[in-house]
Amino acid sequence: GKPLASARVHIPEDLSGLLQSEWERVIREAGYSREDAEIVRRYIVGKSPQIDVAVELCMERSTLSRRLPGIYTRARQTARKLHMI
């Protein structure tokens, strides 16, 4: 099988407590691009490894990695406004 470390999803601690329903609301309210919304759904909510998500979305894993900080920043701002964090 795959080494566990490569498959582990690292979500920033302040966002790790959000429920799936809360993530869906964050996605709706944050104004993500369709691609970024899919990254949230598959990687953060679905817990799929980055490499799998990247392949499914036809992008490099490095591209996905580079997008995550911005995705998290926007999630954080949105979650704060919605009083989730």
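Computed from a predicted model, the values in this text were never measured in an experiment.
For E24, the side chain to side chain donor-acceptor pair (under 3.5 Å) test picks out R41, with sequence neighbours left out. Listed by chain and number, the residues in a side chain to side chain donor-acceptor pair (under 3.5 Å) with R61 are Q50, S65 (sequence neighbours excluded). For R74, the side-chain contact (heavy atoms from CB on, under 4.5 Å) partners two or more places apart in sequence, or in a different chain, are A30, Y32, T78. The side-chain contact (heavy atoms from CB on, under 4.5 Å) check on S62 picks up E60, R66, with sequence neighbours excluded. Partners of R76 under the side chain to side chain donor-acceptor pair (under 3.5 Å) rule, at least two apart in sequence or in another chain, are D14. Partners of R67 under the side chain to side chain donor-acceptor pair (under 3.5 Å) rule, at least two apart in sequence or in another chain, are E35, D36. E56 pairs by the side-chain contact (heavy atoms from CB on, under 4.5 Å) definition with R42, D52, not counting sequence neighbours. By the side-chain contact (heavy atoms from CB on, under 4.5 Å) test, V45 is found to be paired with Q20, W23, V40, residues two or more places apart in sequence or in another chain being considered.
Of all non-hydrogen atoms in L64 and A54, the two that sit nearest each other are CD1-N, 3.8 Å. Across all their heavy atoms, A37 and I27 have their closest contact at CB-CG2, 3.7 Å. Listed here is the closest heavy atom pair of I39 and V53: CA-CG1, 4.4 Å. For the residue pair Y43 and S48, the shortest heavy atom distance occurs at CD1-O, 3.1 Å.
Under the 4.5 Å side-chain criterion, counting only non-hydrogen atoms from C-beta, I44 is in contact with I71. Using a 4.5 Å heavy-atom cutoff, the side chains of R25 and L18 are not in contact.
Distance check, rounded to the nearest 0.5 Å: CD1 of I85 to CD of Q77 gives 10.0 Å.
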